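Every value quoted in this text rests on a predicted model; they were computed, and no experiment measured them.
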Amino acid sequence: MRIVKYFILLLFLLYGLNNFFFERVLFFNELLSLVGFSIFLKHCCKANLKIVLPKSYVIRLLLFFWVIFLVYALASIPFKTEWYYYFRHLSIFYSTF
């Protein structure tokens, strides 16, 4: 896990050098969200791929939020013009990770 932290720090520092590459080619924010999603899965999945979520009211609201935005994401695919703008409009959803 330590190497992942250093890798993210390195990407963050390189982002300042060439932000066009990181925003338009590498999708830096999306990669950070993917790391957050993988950490979420690590804490919520058991060895037999069974999802166990805390019974917290906040987690339930967050799951409801994710379901609403997942429906929105799937419904808006036919109307996208470019993948960059599609991901930019979905930033509220994947930034929660």
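For Leu63, the side-chain contact (heavy atoms from CB on, under 4.5 Å) partners are Leu53, Ile59, Trp66, not counting sequence neighbours. By the side-chain contact (heavy atoms from CB on, under 4.5 Å) test, Ile77 pairs with Leu74, Tyr86, sequence neighbours left out. Applying the ring-ring contact (aromatic ring centres under 6.0 Å, His included) test to Phe65 and every residue at least two apart in sequence or in another chain returns Phe69.
Ile68 and Tyr57 are assigned to two separate hydrophobic clusters, defined by single-linkage of ILVMFWY side chains at heavy-atom distances under 4.5 Å. In the hydrophobic cluster analysis, where Ile, Leu, Val, Met, Phe, Trp and Tyr join through side-chain heavy atoms closer than 4.5 angstrom, Phe7 is grouped apart from Leu13.
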Listed pairs under 3.5 Å, donor-acceptor, residues 34-41 side chains, sequence neighbours left out:
from: Ser38; atom 1: OG; to: Leu34; atom 2: O; distance (Å): 3.4
from: Ser38; atom 1: OG; to: Val35; atom 2: O; distance (Å): 2.6

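Minimum heavy-atom separation, Ala73 to Ser76: O-OG, 3.2 Å.
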